[in-house]
Amino acid sequence: MKGGSARRIEQAKIFFAELGKISTRSQFGGYGLLADGTMFAVVAEGELYLRATESLEPVFRGRGMTNMTYLKRGVPMTMRYYRVDERLWSERQELSALALQAVREARKEIKVRKRRKGRLKDLPNIDVSLERLLWRSGVQNIYELRLLGAEQAYLRLLEQQKSLGIKILMSLAGAMAGYHHVALPRWRRKELTEWFDATIVIIPSGFEARTEKRVFRQHINN
């Protein structure tokens with residue numbers, strides 16, 4: 001355990017002792033903090049990140065807290081953990097209250113997951129093969145898909161498979177909205193079509209999708 005993370009863990013154990021027995025385990029290249037067996041935070045590179053749920057994220061973002069990023073097989077993953085800055089460390093009462101919320105919400109989420117797995121394939125338009133392709137592109141769950149958005153998730157998929165057309169883009173958008181892709185609202189279909197037309201350029205050998213950081217080539221059969 002590196003010195004910065006070791007010191008932060010010891011600090012956290014003192015701060016959060018009232019939450020229960022605080023233990024650690026390896027997690028996301030760092031160390032998960034558990035209160036009576038429930039993971040509520042991660043320490044990585046000397047920084048503490050509190051675990052968020054859907055209801056807690058607006059609270060954390062409202063404080064200006066930022067997401068943890070974790071490299072998984074070289075692919076950056078935006079995690080549902082939010083950094084505790086030095087100002088929040090100095091506000092012990094508020095930090096303790098946020099950590100208590102994180103523990104309670106984590107336990108609720110775990111109970112829900114036991115009743116409902118919430119896999120990507122449970123969404124409309126996403127079958128097992130598309131789910132596996134999303135996994136390979138670094139999108140592991142519904143949260144990550146929604147955080148990326150349909151357009152960015154589509155670009156990630158192009159890195160894995162070059163033969164994907166606009167139907168997949170529509171399917172991703174529909175999945176996040178809870179619609180079959182043919183039932184997407186007209187305004188959203190228009191928005192996606194315009195994005196596709198502006199991003200995907202037809203060339204003699206296929207498609208070329210341009211972004212600021214990379215170029216994808218999608219070859220099509222004539």
Side-chain angles (χ1 to χ4, degrees), residues 25-35 37-42 44 49-61 67-82 101-185 188-189 191-192 195-196 216 218:
R25 73 182 185 201
S26 296
Q27 193 78 33
F28 306 136
Y31 307 91
L33 289 182
L34 297 85
T38 300
M39 195 166 82
F40 69 97
V42 166
Y49 300 84
L50 289 179
R51 177 177 179 174
T53 58
E54 187 173 349
S55 61
L56 267 182
E57 280 192 293
V59 176
F60 290 167
R61 289 177 178 170
N67 290 82
M68 173 185 176
T69 301
Y70 167 60
L71 287 177
K72 184 173 183 180
R73 295 190 293 275
V75 178
M77 309 283 290
T78 302
M79 309 302 293
R80 191 181 271 186
Y81 288 81
Y82 286 77
Q101 282 185 276
V103 171
R104 288 174 173 171
E105 292 297 319
R107 287 173 179 160
K108 289 179 184 177
E109 191 173 66
I110 289 168
K111 288 181 180 179
V112 170
R113 284 180 179 177
K114 286 181 178 178
R115 295 195 301 267
R116 184 185 61 194
K117 292 183 179 180
R119 285 179 54 177
L120 286 164
K121 73 177 183 64
D122 294 331
L123 293 173
N125 312 316
I126 298 183
D127 57 16
V128 173
S129 60
L130 183 53
E131 180 185 54
R132 289 173 180 168
L133 191 61
L134 284 163
W135 287 347
R136 291 201 299 272
S137 71
V139 183
Q140 300 295 315
N141 51 53
I142 294 171
Y143 168 74
E144 291 169 2
L145 178 59
R146 287 177 172 156
L147 197 64
L148 274 176
E151 294 89 341
Q152 292 304 312
Y154 176 78
L155 291 178
R156 284 201 184 185
L157 289 175
L158 281 183
E159 294 182 287
Q160 302 297 318
Q161 187 170 316
K162 307 299 183 181
S163 59
L164 303 176
I166 193 171
K167 181 179 177 182
I168 292 295
L169 176 62
M170 297 290 182
S171 294
L172 292 172
M176 285 183 277
Y179 299 117
H180 188 275
H181 67 87
V182 298
L184 270 175
R188 182 57 171 147
R189 295 182 68 85
E191 183 179 67
L192 292 168
W195 176 87
F196 187 88
F216 301 98
Q218 180 178 354

Subject >> Of Tyr143, Phe60, Phe28, the residue whose pairing with Tyr81 passes ring pair (Phe, Tyr, Trp, His ring centres under 6.0 Å) >> reply: Phe28
Original post:
Per the side chain to side chain contact (heavy atoms under 4.5 Å, CB included) rule, which among Val128, Ile142, Leu130 passes with Leu120?
Top reply: Ile142
Original post:
Would you say the side chain of Leu123 lies within less than 4.5 Å of the side chain of Arg146, judging by non-hydrogen atoms?
Top reply: yes
Original post:
Can you tell me how far CD of Glu151 sits from CD of Glu191, rounded to the nearest 0.5 angstrom?
Top reply: 6.5 Å
Subject >> Side-chain heavy-atom pair Gln140, Trp135 within 4.5 angstrom cut-off >> reply: yes
**OP:** Would you mind reporting whether Tyr70 and Val42 have side-chain heavy atoms less than 4.5 Å apart?
**Re:** no
Original post:
Is Gln160 atom CD crowded by more than 12 heavy atoms from other residues, nucleotides or ligands, each under 6.0 Å away?
Top reply: yes
Original post:
Around Arg104, counting heavy atoms of other residues, nucleotides and ligands shown, do more than 12 lie under 6.0 Å from its CZ?
Top reply: no
Original post:
What closest approach, in Å, do Leu164 and Tyr154 show between heavy atoms, and which atom pair accounts for it?
Top reply: O-OH, 2.9 Å
Original post:
Quick one: do Arg156 and Glu159 make a salt bridge, cutoff under 4.0 Å?
Top reply: no
**OP:** State the CG-CG distance between Leu157 and Leu155, to the nearest 0.5 angstrom.
**Re:** 9.0 Å
Original post:
Donor-acceptor pair, Arg189 side chain versus His181 backbone, under 3.5 Å?
Top reply: yes
Original post:
Within a radius of less than 6.0 Å around CZ of Arg61, do more than 12 heavy atoms belonging to other residues, nucleotides or ligands occur?
Top reply: yes
Subject >> Spacing of CE belonging to Met176 relative to CG belonging to Leu147, to within rounding of 0.5 Å >> reply: 10.5 Å
Subject >> Nearest-0.5 Å distance that lies between atom CG in Leu56 and atom CG in Leu50 >> reply: 9.0 Å
**OP:** Considering non-hydrogen atoms only, spot the tightest contact between Ala106 and Thr38 and give its length.
**Re:** CB-CG2, 3.8 Å
Original post:
Between Leu184 and Met170, which heavy-atom pair has the shortest distance, and what is it?
Top reply: CD1-O, 3.5 Å
Original post:
Any side-chain donor-acceptor pair under 3.5 Å between Tyr82 and Glu57?
Top reply: yes
Original post:
Can you tell me how far CG of Leu33 sits from CZ of Arg25, rounded to the nearest 0.5 angstrom?
Top reply: 10.5 Å
Subject >> Sidechain-backbone polar pair: Arg51 side chain, Met39 backbone, donor-acceptor under 3.5 Å >> reply: yes
Subject >> Closest non-hydrogen atom pair between Pro124 and Gly178, with its separation >> reply: CG-C, 3.8 Å
Original post:
Is a salt bridge present between Glu109 and Arg80, judged by a nitrogen-to-oxygen distance below 4.0 Å?
Top reply: yes
**OP:** For residues Ala150 and Leu172, report the shortest heavy-atom separation together with the two atoms involved.
**Re:** O-CD1, 3.8 Å
**OP:** Measure across Val103 and Ala35 and return the closest heavy-atom pair with its distance rounded to 0.1 Å.
**Re:** CG2-CB, 4.1 Å
